[in-house]
There are 2 protein chains.
Amino acid sequence: MKSPAELTELFRQQGLKITPQRVAIFQALHGSEVHPSAEAVYESVAVGMPSISLRTVYQTLNDLASMGELVALDLGTGAARFDPNTDPHHHVVCDRCGKVRDIYADFTDVRLPRSTKGELHGFRVSSTEIVFRGLCHSCQHPGPDE
Amino acid sequence: MKSPAELTELFRQQGLKITPQRVAIFQALHGSEVHPSAEAVYESVAVGMPSISLRTVYQTLNDLASMGELVALDLGTGAARFDPNTDPHHHVVCDRCGKVRDIYADFTDVRLPRSTKGELHGFRVSSTEIVFRGLCHSCQHPGPDE
DNA sequence: GATCAATCTGCAACCGTTGTCAATTGGAAA
DNA sequence: TTTCCAATTGACAACGGTTGCAGATTGATC
Ligand SMILES: [Mn+2]
Ligand SMILES: [Mn+2]
Ligand SMILES: [Zn+2]
Ligand SMILES: [Zn+2]
């Protein structure tokens with residue numbers, strides 16, 4: 001995802017208005033590696049802008065996603081996660097708390113294998129997603145009361 | 001997943017009742033490779049048992065899943081998909097119609113890479129899922145009206 | 001067959017997300 | 001700067017998938 005300043009410029013070019021809400025969302029996401037849900041973005045932005053609505057957060061996240069500045073991920077944790085990292089990469093997900101970490105690895109040899117008839121099951125594959133699931137550090141060492 | 005007869009025996013052993021609804025669901029799933037949603041199982045069973053409720057289908061699918069006889073998959077197609085194939089394998093998913101096919105391939109070299117500090121990002125990984133996404137055969141050649 | 005806990009059905013409620021629309025607002029034009 | 005209007009906002013309803021609930025029904029055991 002581009003910087004808040006670059007996104008501002010991009011939105012302006014597209015004829016979209018630069019609202020304080022949008023700028024706050026740009027800032028909340030920039031450089032973030034936590035893969036927040038829309039709700040998490042909302043809570044983070046709402047600290048400094050209590051009047052913002054969840055609907056506006058969804059709208060802006062969807063706008064960014066359709067511009068390709070953000071990737072919406074469904075990692076099976078209930079809510080969609082938004083990823084400002086648009087480089088090709090994979091993920092580790094904690095089954096207990098939903099924590100997500102980026103995984104950079106060259107899995108170029110992971111390709112859809114051909115059937116015995118030499119074809120790809122009739123599929124034309126456009127992306128390959130690898131998700132590692134397990135427990136994160138803190139969920140492996142649960143405190144007595146959590 | 002075991003055969004309907006074996007599942008019947010298994011349920012009996014667990015002290016669970018053998019109801020016509022459960023048997024019909026066992027039969028609908030046995031040998032199936034379509035990865036149906038709960039709704040799809042419901043529609044299939046309801047042909048011969050119109051009075052069955054969707055709630056019962058969910059209940060039985062969840063029971064089978066918690067017994068390990070079935071795997072519940074979240075492949076990002078909206079509804080959960082239920083897989084009677086409990087062997088380790090991967091999937092190809094059609095982005096357009098949601099069709100799912102099993103992929104058997106040895107990706108044992110696909111492992112969570114270690115960080116520069118030599119650790120696995122603090123994670124203890126218990127499973128690795130590979131999902132290939134793209135278009136199935138029929139969705140690559142859409143008819144004029146679909 | 002009688003008993004009774006397990007199960008079933010129908011419906012309400014839940015969660016994450018999107019549709020709707022009146023009120024508000026950013027920014028181009030004058 | 002002021003005007004103007006389309007874009008945006010926020011509140012709330014509605015949606016699809018799933019689960020909670022409660023009363024009616026039924027399978028297993030005797
Ligand atoms: Mn990521
Ligand atoms: Mn499968
Ligand atoms: Zn965790
Ligand atoms: Zn298809």
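Since the structure is predicted, the reported quantities are computational estimates derived from the model, not experimental observations. Letters A, B, ... are given to chains in the order of the sequence lines, protein chains preceding strands, and every chain is numbered from 1.
- Nucleic acid contact class of B/Gln21 (heavy atoms, under 4.0 Å, all strands): sugar-phosphate only.
- Of all nucleotides listed (D/dT18, C/dC8, D/dT8), D/dT8 comes nearest to the side chain of A/Thr19.
- With distances taken from any side-chain atom of A/Arg55 to the nucleotides D/dA11, C/dT9, D/dT26, the minimum falls on D/dA11.
- Rounded to an integer number of Å, the gap from CG of A/Leu16 to C1' of C/dG26 is 12 Å.
- Between A/Arg133 atom CZ and A/Cys94 atom SG the span is 10.5 Å, to the nearest 0.5 Å.
- Spacing between atom CG of B/Leu54 and atom C1' of C/dC8 amounts to 13 Å, rounded to whole angstrom units.
- Closest contact between the side chain of B/Thr56 and the listed nucleotides C/dT9, D/dT8, C/dT7 involves C/dT9.
- Between C/dT17 and A/Tyr58, a contact under 4.0 Å exists linking OP1 or OP2 to a side-chain N or O.
- Side-chain atoms of B/Lys17 lie closest to C/dA6 of the nucleotides C/dA6, D/dT19, C/dT9.
- Taking CD from B/Glu33 and CG from B/Asp83, the interatomic distance works out to 9.0 Å, rounded to the nearest 0.5 Å.
- Taking B/Ser44 as the reference, B/Ala28 meet the side chain to side chain contact (heavy atoms under 4.5 Å, CB included) condition, with sequence neighbours excluded.
- Here the P atom of nucleotide C/dA6 and the CZ atom of B/Phe11 are 15 Å apart, to the nearest Å.
- Counting any heavy atom pair closer than 4.0 Å across all strands shown, A/Ser51 reaches sugar-phosphate atoms only and no base atom.
- Of the two residues contacting DNA chain C, namely B/Gly15 and B/Val57, the nearest-nucleotide position lying further toward the 5' end is that of B/Gly15.
- Between B/Arg12 and B/Gly78, the residue whose closest nucleotide on DNA chain D is further toward the 5' end is B/Gly78.
- Atom-to-atom, CD of A/Gln59 to C1' of C/dG19 comes out at 10 Å; the value is rounded to the nearest Å.
- Rounded to a whole Å, the OH atom of B/Tyr42 is 8 Å from the P atom of C/dG10.
- Rounded to whole angstrom, the span from the CG atom of B/Asp74 across to the P atom of C/dG16 amounts to 14 Å.
- A salt bridge does not link B/Arg81 with B/Asp74: every distance from a Lys NZ or Arg NE/NH1/NH2 to an Asp or Glu carboxylate oxygen is 4.0 Å or more.
- Using the six-membered ring where Trp is involved, A/His89 and A/His35 have ring planes that are tilted, between 30° and 60° apart.
- Atoms CD1 (B/Ile18) and C1' (D/dT26) sit 13 Å apart, rounded to a whole Å.
- As rounded to whole Å, 12 Å separates atom C1' of C/dG16 from atom CG of A/Asn62.
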